[in-house]
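Structure first, commentary second.
Computed from heavy atoms alone, side chains included, the values below leave out hydrogens, waters and symmetry copies.
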Amino acid sequence: MVSLIAVMQDGRSVETMTIGREGVIATSASGYVDPAFSRFLVQVPGMAVRTTAQGFEDMVDGSVGLCSAVSRYREVLLRTTLQIVACNAIHSVRQRCARWILTTHDRSGSDVLPLTQASLAEMLGVKRNAVSIVLRELHRLGMIENQRSQIAVVDRVALNLVACECYGLVCREQERLLTDGPSPECND
């Protein structure tokens, strides 16, 4: 799982996009992210395939199935990013933290997430002590185990009840868009 992070001139930062095993990290030619505006941070290690932007575009152009998947994934990224902008502006640190843990849990395939409080604070765009307070509360309620450099999900159902509605909305959209048939723009 990789986070794209926007860094301000004063050093403050916040996650703008999360890409897991369902997605593609692409720059320039494929139209995703200009590296000058983001930095990439591997949150959860895993396997990946690497190609040039042109090689990727050639693969997309040569396969209706891949073209459709990439087109639908781009729509997922756009909708998710728009929802997270709203989430960051409206919801509490507690709700956003629960959402972020659940999202990471989904994408990692593991109950134990290699996350520090500092990295989680950076993803949420808040101070570390705010995350520390929330994680202590989630631990006290039996939803997570929080140890040095890792968070273990213990009660996913309860954590889901704490998370804001953005988590469910994004999950449903991702499921709908990534499992539907071919995108119309790829059928020419």
Side-chain angles (χ1 to χ4, degrees), residues 1-6 12-26 30-33 37-38 40-44 46 67-115 117 119-126 130-131 133-135 137-139 141-144 146 151-186:
M1 187 187 96
V2 175
S3 293
L4 275 68
I5 302 168
R12 291 181 298 159
S13 58
V14 66
E15 181 184 65
T16 58
M17 188 181 304
T18 305
I19 300 170
R21 58 186 169 195
E22 79 290 345
V24 175
I25 300 170
S30 57
Y32 283 116
V33 177
F37 291 98
S38 297
F40 300 88
L41 177 65
V42 175
Q43 296 284 1
V44 179
C67 177
S68 178
V70 169
S71 176
R72 288 181 283 128
Y73 184 69
R74 285 177 175 161
E75 186 66 24
V76 166
L77 281 181
L78 176 61
R79 291 176 187 205
T80 300
T81 301
L82 293 173
Q83 190 64 39
I84 298 311
V85 167
C87 182
N88 287 341
I90 295 171
H91 294 125
S92 70
V93 173
R94 182 178 189 249
Q95 291 172 306
R96 293 186 298 129
C97 187
R99 172 192 49 83
W100 204 92
I101 291 169
L102 287 168
T103 299
T104 305
H105 186 245
D106 292 345
R107 290 184 167 138
S108 72
S110 173
D111 288 338
V112 179
L113 311 175
L115 299 171
Q117 290 183 10
S119 67
L120 186 51
E122 181 179 28
M123 297 309 101
L124 298 174
V126 299
V131 168
I133 291 166
V134 168
L135 291 180
E137 179 187 2
L138 297 177
H139 175 78
L141 294 170
M143 296 177 201
I144 64 165
N146 184 22
I151 297 170
V153 175
V154 175
D155 188 345
R156 186 178 167 82
V157 173
L159 197 57
N160 199 9
L161 293 173
V162 171
C164 56
E165 72 264 22
C166 298
Y167 172 71
L169 181 74
V170 167
C171 283
R172 287 187 298 276
E173 276 299 284
Q174 188 172 13
E175 177 70 20
R176 185 181 72 78
L177 287 167
L178 296 182
T179 58
D180 281 349
S183 173
E185 69 186 56
C186 297

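Side-chain atoms of His139 come within 3.5 Å of backbone atoms of Ile144 as a donor-acceptor pair (strictly under, hydrogens ignored). Under the 3.5 Å distance criterion, the side-chain polar atoms of Ser119 are left unmatched by any main-chain donor or acceptor of Leu115. One N or O on the side chain of Thr16 and one on the backbone of Leu4 form a donor-acceptor pair closer than 3.5 Å. A donor-acceptor pair is defined here as one N or O able to donate and one able to accept, closer than 3.5 Å; no such pair exists between the side chain of Ser71 and the backbone of Cys67. Looking at Ser108, its side chain does come within 3.5 Å of a backbone N or O of Ser110 through a donor-acceptor pair.
Side-chain contact between Leu77 and Ile19: present, with at least one pair of heavy atoms (C-beta onward) separated by less than 4.5 Å. Side-chain contact between Glu15 and Leu124 is absent, with no heavy-atom pair separated by less than 4.5 Å. In this structure, Ile151 and Gln117 have side chains that are not in contact, with every pair of non-hydrogen atoms separated by 4.5 Å or more. Considering only heavy atoms from C-beta on, Gln174 stays 4.5 Å or farther from Arg79 through its side chain.
Across every non-hydrogen atom of Cys97 and Leu135, the tightest pair is SG-CD2, 3.9 Å. Ser13 and Ile5 get closest at one heavy-atom pair: CB-CG2, 3.6 Å. In this structure, Tyr73 and Thr18 approach most closely via the heavy-atom pair OH-O, 4.5 Å. Shortest non-hydrogen contact noted between Arg96 and Cys87 is CD-O, 3.4 Å.
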Test side-chain contact (heavy atoms from CB on, under 4.5 Å) applied to Val76 and Leu178, step by step: CA-CA 8 Å; Val76 166; Leu178 296 182; 3.9 Å; yes
Intermediate values then yes/no, side-chain contact (heavy atoms from CB on, under 4.5 Å), Thr104 and Gln43: CA-CA 9 Å; Thr104 305; Gln43 296 284 1; 5.6 Å; no
Could you go step by step and tell me if Ile101 and Met143 meet the side-chain contact (heavy atoms from CB on, under 4.5 Å) rule? CA-CA 11 Å; Ile101 291 169; Met143 296 177 201; over 6 Å; no
Working note: Thr103 + Met1, criterion side-chain contact (heavy atoms from CB on, under 4.5 Å); need CA distance, chi angles, decisive distance, verdict. CA-CA 10 Å; Thr103 299; Met1 187 187 96; 5.6 Å; no
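The list of salt bridge (Lys or Arg N to Asp or Glu O under 4.0 Å) pairs with a residue in residues 156-168, not counting sequence neighbours, reads Asp106-Arg156.
Once rounded to the nearest 0.5 Å, the distance linking CG of Leu78 with CG of Leu82 reads 4.5 Å. Taking SG of Cys164 as the reference point, atom CD1 of Ile90 lies at 9.5 Å (rounded to 0.5 Å). Summarising the geometry, atom SG belonging to Cys166 is positioned 4.0 Å from atom CD belonging to Gln83; distances are rounded to the nearest 0.5 Å.
Side-chain contact, Ser92 with Gln95: a donor N or O sits under 3.5 Å from an acceptor N or O. Using a 3.5 Å distance cut-off with no hydrogens or angles, the side chains of Arg72 and Ser68 do pair a donor with an acceptor.
Salt-bridge check for Arg176 with Glu173: passed, with a basic side-chain N closer than 4.0 Å to an acidic carboxylate O.
The only member of Leu120, Asn88, Val131 that meets side-chain contact (heavy atoms from CB on, under 4.5 Å) when paired with Val126 is Val131.
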